[in-house]
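Worksheet for the structure shown next.
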Amino acid sequence: MSVWDDLNSLLDSPSSLTVTSNARGTVKDKVNFKVDEDVAALRKAIEGLGTTEKTLIEVLTQRSNAQRQIIAKAYEKATGRKLIDDIEGDTHGDFEDLLVGLIKPPAVFDCQEVVRAIKGAGTTESTLTEIFASRSNSQIQELSEAYLAEKGKALLHDLKSEVSGDYGKALLILAEGKRDASTNVDSAKAKADAKALYQAGEKKWGTDEGKFIDILCHRSIPQLRQTLIEYKNISNKTLQESIESEMSGDLEDLLVAIVKCVKNVPAYLAERLFKSMKGAGTTEATLTRILVSRSEIDLMDIRAEYKKLFGYSLYSQLESEVSGSYGNALKHLCGQDD
């Protein structure tokens, strides 16, 4: 049975979308943090002849984001230059992207990823789907504030011109960051929603996408978990299986991502990591985004789910897929081999 078919443990397990603790992160505040020592080490690594990548990795991947913000301020005070600018001037490629991502506050990093996904010709729907399906209300609201501060325009305004159709409709609801946050579960409503979904899909010639979008994008996580169980009772199939057989394209990907994140955000992200390293060529942008953005949230859980799903550790896969300073920095963020 795949991890996605098992609904038994759903109601008891905590969700990354509702838990605010960072106990499952691989990166924590460094004990005995000495900002002046870190700034001196970074300066030496950057200003010396040739950049000492090892120092950059050791300092930036082993401090919490809050500590990196303190380092960046102290660095600028000491040198008159921004740390991000110096990193951009001294490193390049994926390694540069990773270090710059670490120095930015989490909401600003998420914002940058959204900007990248909608910039230029064609929109990277898979990135938008991953971000908006796996972030909590407060993370989405902080992302929106960062977007407004950077672009001077509302995130929703810019997304509207980039996404369309049913996919666009669903994504824009998620991007409001207003999913019901109640922790109370209404069993009767879950049964009614499950029945409405069954009648809008499996029972109908053609699918009523609007019904799926409305329920999956608005209901609270605990409520949706109960609905998934009720749905399987009614239809003998999981809701994910029904979506996969009824829909296609970006809308199918988004609704499946929502259902997976309702069940288990770390398992969803573990799958994204696996796919980014499978086959010819590695999708470095996805690796960087997930490891940076989840390093203080639930990367330990993502590692555990990765091992469960694929039979080997995330660390060993990184070791065989990515090399050089970039690979070393990713492994530092990942933490030890499981």
Side-chain angles (χ1 to χ4, degrees), residues 2-3 16 22-28 30 45 51-65 67-68 87-88 90-104 106 109-110 112-113 116-117 124 126-127 129-131 133-135 257 260-261 264-338:
S2 100
V3 59
S16 305
N22 58 358
R24 303 301 296 155
T26 52
V27 175
K28 310 245 189 307
K30 182 182 178 1
T51 304
T52 319
E53 280 89 355
K54 189 167 179 282
T55 305
L56 298 181
I57 293 170
E58 275 166 10
V59 174
L60 296 173
T61 65
Q62 302 304 296
R63 309 291 181 271
S64 67
N65 192 278
Q67 290 174 331
R68 287 178 221 132
I87 295 277
E88 286 178 336
D90 264 43
T91 57
H92 52 84
D94 298 314
F95 183 52
E96 176 196 327
D97 289 344
L98 177 71
L99 295 183
V100 167
L102 286 169
I103 299 167
K104 293 185 171 181
F109 178 64
D110 268 355
Q112 164 208 304
E113 292 297 294
R116 274 191 188 174
T124 317
S126 61
T127 301
T129 291
E130 176 201 300
I131 290 174
S134 66
R135 300 300 189 261
K260 285 181 172 180
C261 288
N264 189 331
V265 175
Y268 167 70
L269 293 172
E271 227 177 42
R272 291 276 299 158
L273 287 170
F274 177 76
K275 286 176 182 160
S276 75
M277 293 187 274
K278 203 176 80 176
T282 304
T283 317
E284 284 84 0
T286 303
L287 282 183
T288 298
R289 183 174 55 253
I290 294 176
L291 286 169
V292 169
S293 67
R294 309 309 287 197
S295 59
E296 289 180 60
I297 300 174
D298 53 6
L299 190 47
M300 284 166 79
D301 293 328
I302 292 170
R303 273 183 7 202
E305 294 296 343
Y306 196 96
K307 183 93 186 263
K308 235 190 275 178
L309 282 163
F310 307 111
Y312 45 85
S313 71
L314 174 58
Y315 190 94
S316 66
Q317 184 69 359
L318 289 170
E319 207 151 42
S320 65
E321 292 292 331
V322 282
S323 57
S325 299
Y326 175 62
N328 288 338
L330 284 177
K331 286 184 290 188
H332 269 79
L333 284 179
C334 179
Q336 78 263 35
D337 198 355
D338 294 312

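Keep in mind it's a predicted model, so treat the numbers as computed, not measured.
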Examine distances only and state if a side-chain atom of Ser276 and a backbone atom of Leu273 form a donor-acceptor pair shorter than 3.5 Å. yes
Taking salt bridge (Lys or Arg N to Asp or Glu O under 4.0 Å) as the test, write out the residues that go with Arg135, two or more places apart. Asp110
Once salt bridge (Lys or Arg N to Asp or Glu O under 4.0 Å) is applied, do any residues pair with Lys307, and if so which ones, sequence neighbours excluded? none
Partners meeting salt bridge (Lys or Arg N to Asp or Glu O under 4.0 Å) with Lys308 (sequence neighbours left out): Glu305
In chain order, what residues pass the side-chain hydrogen bond (donor to acceptor under 3.5 Å, both in side chains) check against Arg63, with sequence neighbours excluded? Asp38
Exercise answer: donor-acceptor pairs, residues 323-335 side-chain atoms, under 3.5 Å, sequence neighbours excluded:
unit_1: Tyr326; atom_1: OH; unit_2: Glu284; atom_2: O; d: 3.1
unit_1: Tyr326; atom_1: OH; unit_2: Thr288; atom_2: OG1; d: 2.7
unit_1: His332; atom_1: ND1; unit_2: Asn328; atom_2: O; d: 3.0

For Cys261 and Tyr268, the nearest pair of non-hydrogen atoms, with its separation, is SG-CD2, 3.3 Å
Is the shortest side-chain heavy-atom distance between Ile103 and Leu60 below 4.5 Å? yes
Distance-minimising heavy-atom pair for Leu309 and Ala267: CD1-O, 3.8 Å
Roughly how far, to the nearest 0.5 Å, is the CD atom of Glu321 from the CG atom of Leu314? 11.0 Å
Between Asn65 and Lys104, which heavy-atom pair has the shortest distance, and what is it? ND2-O, 2.9 Å
Going by side chain to side chain contact (heavy atoms under 4.5 Å, CB included), name the residues that satisfy it together with Asp301, two or more places apart in sequence or in a different chain. Arg24, Pro266, Asp298
To the nearest 0.5 angstrom, please state how far the CZ atom of Arg294 sits from the CG atom of Leu299. 9.5 Å
Partners passing ring-ring contact (aromatic ring centres under 6.0 Å, His included) against Phe274 (at least two apart in sequence or in another chain): Phe310
Which residues pass the side chain to side chain contact (heavy atoms under 4.5 Å, CB included) test with Ala304, not counting sequence neighbours? none
Could you pull out all residues at least two apart from Glu53 that satisfy salt bridge (Lys or Arg N to Asp or Glu O under 4.0 Å)? none
Using 0.5 Å steps for rounding, measure from the OG1 atom of Thr286 to the CZ atom of Arg272. 5.0 Å
Looking at Gln67 and Lys30, would you say the former's side chain and the latter's main chain have a donor-acceptor pair under 3.5 Å? yes
Find the distance between CD1 (Ile290) and OG (Ser134) and round it off to the nearest 0.5 Å. 8.0 Å
Would you say the side chain of Thr26 lies within less than 4.5 Å of the side chain of Arg303, judging by non-hydrogen atoms? yes
Nearest heavy-atom neighbours spanning Ile297 and Ser293: CD1-O, 3.4 Å
Please output the side-chain donor-acceptor pairs of residues 90-101 that fall under 3.5 Å, not counting sequence neighbours, one pair per line with the distance.
unit_1: Asp90; atom_1: OD2; unit_2: Thr51; atom_2: OG1; d: 2.7
unit_1: Thr91; atom_1: OG1; unit_2: Ile87; atom_2: O; d: 2.6

Neighbour count >12 (heavy atoms, 6.0 Å) for atom NZ, Lys54: no
Results of side chain to side chain contact (heavy atoms under 4.5 Å, CB included) for Thr127 - residues two or more places apart only: Ala117, Thr124, Ile131, Arg289
By side-chain hydrogen bond (donor to acceptor under 3.5 Å, both in side chains) - contacts of Thr52 (at least two apart): none
Note: Ala285 and Glu113 closest approach over all heavy atoms is O-OE1, 4.4 Å
